[in-house]
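Below is one structure; the comments refer to it alone.
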Amino acid sequence: MRNYNFIILILVFTLFFNSCNTKKQKVNEADFPRLTEQSEPAVTLGEISSLQSKVLNKTIPLSIHLPENYDSSKKTYPVMYMLGSDYRARFAMLASTLDYMGEGQIPEMILIGIDLPEGNSILLPTRKNKDTTIPDNYINFFETELMPHVDNNYRTAPFKVLYGGSNSGFFTVYTLLNNPLLFNGYFASSPSIMHIPAVLQQKIKTGPLKTLSENRSLHIIYSDEEGLTNHVSEFSRVVADHKPESFTYKVDELVNQGHVPAMDFTQFLLALYPDFNPFNPGENLESLDTVTQHFDRLSKRYGYEIKTPISVIFNLGFHTILSKDLIAAEEIFQYSIEVYPEGKESYLGMGLVRRAQGQLESAKVMIEKALIIDPDFSLAKRWLQRL
């Protein structure tokens with residue numbers, strides 16, 4: 001469910017990447033043929049960058065997706081790190097899902113994709129002697145190079161999540177068991193935990209997870225036909241026997257959804273932020289105060305400021321207008337303008353209040369301000385025509 005009934009998500013998997021940060025990457029026209037046929041893309045889903053790693057002794061290609069209003073806002077954003085973003089369709093799916101759900105179901109997030117040109121099997125222990133030097137080095141790369149680089153170049157909140165599928169899912173679990181404080185949440189889709197199972201179990205029993213005192217979570221999703229059921233069940237049994245109280249563990253076995261299920265990411269996010277949307281049944285949201293208090297509580301829980309999303313404010317204000325409480329509606333949209341002075345919805349909402357009050361000229365001024373911010377704001381255009 002989305003708080004804007006009037007918005008339709010256009011999911012376009014063709015990525016248009018601009019250069020950023022440390023090293024420019026040339027877009028392969030064979031991979032992105034539509035870019036040669038038009039001057040501007042239909043949707044911009046990210047940009048390509050790279051980071052020279054001393055730890056790994058190679059250049060790591062990165063794919064970066066920022067929230068829609070990142071440039072015009074002053075907010076900080078939690079960061080999702082995705083392993084294997086060279087799988088472009090998957091990166092596009094994750095980026096679009098974050099945008100779609102970021103309108104009121106979860107906080108807006110920055111997506112950092114780490115390409116794995118050698119294949120994600122590089123994140124596994126070696127086959128012959130089960131050596132874990134490479135995955136250990138990747139953990140070191142995250143901690144000492146990549147995450148400081150992202151924090152220095154973007155407005156990041158102190159809340160980070162790691163996502164990996166298949167062999168990358170193994171690495172997600174392996175990272176948790178070796179350095180649980182590195183990320184706040186760990187998402188493992190169809191993780192290959194059949195590799196070194198005894199080592200993983202021993203790390204659960206005696207590793208740093210055992211003494212964890214800060215809140216951390218691991219969520220595993222897989223499909224029933226993958227042959228993972230027994231492996232995940234045994235892993236879960238050991239976790240249940242040894243996990244600390246501060247650790248949240250969740251497993252979902254889906255039916256006939258294939259390897260690395262397409263719906264995994266949505267379920268991961270909804271489980272991470274189960275009550276983010278304040279308009280869930282049972283919530284009393286009769287006033288602006290109850291809504292802002294809801295997000296104050298979430299901020300304390302997650303350890304960083306979570307502003308009330310503009311979509312939630314607009315939804316509350318619009319329904320308040322429909323209920324004819326125009327004094328409360330004006331208060332709501334005045335608050336929206338103060339918190340989101342760059343938000344087109346703030347001025348559209350105040351324009352609708354003025355219209356309901358019979359102040360048509362003032363309504364026109366407000367709606368025109370929304371169109372100055374976004375000349376293509378179709379909803380504002382329609383209301384302006386009605387005026």
>> Tell me the closest heavy-atom pair linking L371 and K381, and the distance in Å.
In response: CD2-CG, 3.7 Å
> In terms of side-chain geometry, is the basic nitrogen of K250 or D252 positioned less than 4.0 Å from the acidic oxygen of its partner?
Replying inline: yes
>> According to salt bridge (Lys or Arg N to Asp or Glu O under 4.0 Å), who are the partners of E368, at least two apart in sequence or on a separate chain?
In response: none
> Quick one: side chain to side chain contact (heavy atoms under 4.5 Å, CB included) partners of H259, sequence neighbours excluded?
Replying inline: S166, S190, E226
>> Going by the rule side chain to side chain contact (heavy atoms under 4.5 Å, CB included), which residues pair with F318 if we only count those two or more places apart in sequence or in a different chain?
In response: F314, L322, L352
> Are R237 and D241 within salt-bridge range, i.e. N to O under 4.0 Å?
Replying inline: yes
>> Ring of Y70, cation from R155 - is the NZ or CZ under 6.0 Å from the centre and inside 45° of the axis?
In response: yes
>> My understanding is that only residues two or more places apart in sequence, or in another chain, count here; which of them pass side-chain hydrogen bond (donor to acceptor under 3.5 Å, both in side chains) with S223?
In response: E225
>> If the condition is ring-ring contact (aromatic ring centres under 6.0 Å, His included), which residues does F183 pass it with, not counting sequence neighbours?
In response: Y81, F142, Y186
>> According to side-chain hydrogen bond (donor to acceptor under 3.5 Å, both in side chains), who are the partners of T206, at least two apart in sequence or on a separate chain?
In response: Q202
> Thinking salt bridges, do K369 and D374 make one under a 4.0 Å N-O criterion?
Replying inline: no
> Between D275 and R297, is the closest basic N to carboxylate O distance under 4.0 Å?
Replying inline: no
>> Using 30° and 60° as the class boundaries, would you call the ring planes of Y174 and F170 parallel, tilted or perpendicular?
In response: parallel
> Considering residues at least two apart in sequence or located in another chain, which fulfil the side chain to side chain contact (heavy atoms under 4.5 Å, CB included) criterion with N69?
Replying inline: S72
> Got a sec, which pairs hit salt bridge (charged side-chain N to carboxylate O under 4.0 Å, His left out) with one end in residues 57-72, sequence neighbours left out?
Replying inline: K58-E118
> Tell me the ring-ring contact (aromatic ring centres under 6.0 Å, His included) pairs involving residues 201-243, sequence neighbours left out?
Replying inline: H219-F268
> Residues two or more places apart in sequence or in another chain: which of them pass side-chain hydrogen bond (donor to acceptor under 3.5 Å, both in side chains) with T292?
Replying inline: none
>> Taking R354 first and then E330, would you say they form a salt bridge - that is, a charged N and a carboxylate O separated by under 4.0 Å?
In response: yes
> Can you tell me if OH on Y87 sees more than 12 non-hydrogen neighbours from other groups inside 6.0 Å?
Replying inline: no
> Given N167 and S192, is the side-chain hydrogen bond (donor to acceptor under 3.5 Å, both in side chains) satisfied, shown in steps?
Replying inline: CA-CA 5 Å; N167 295 333; S192 305; 2.9 Å; yes
> Is the backbone N or O of P125 less than 3.5 Å from a side-chain atom of D131, with the two atoms forming a donor-acceptor pair by type?
Replying inline: no
> Who are the side chain to side chain contact (heavy atoms under 4.5 Å, CB included) partners of F247, not counting sequence neighbours?
Replying inline: L176, L209, L212, R216, L218, V239, K243, P244, Y249
Could you list the donor-acceptor pairs under 3.5 angstrom formed by side chains in residues 358-367, with sequence neighbours left out?
residue, atom, partner, partner atom, Å
Q359, NE2, Q357, OE1, 3.3

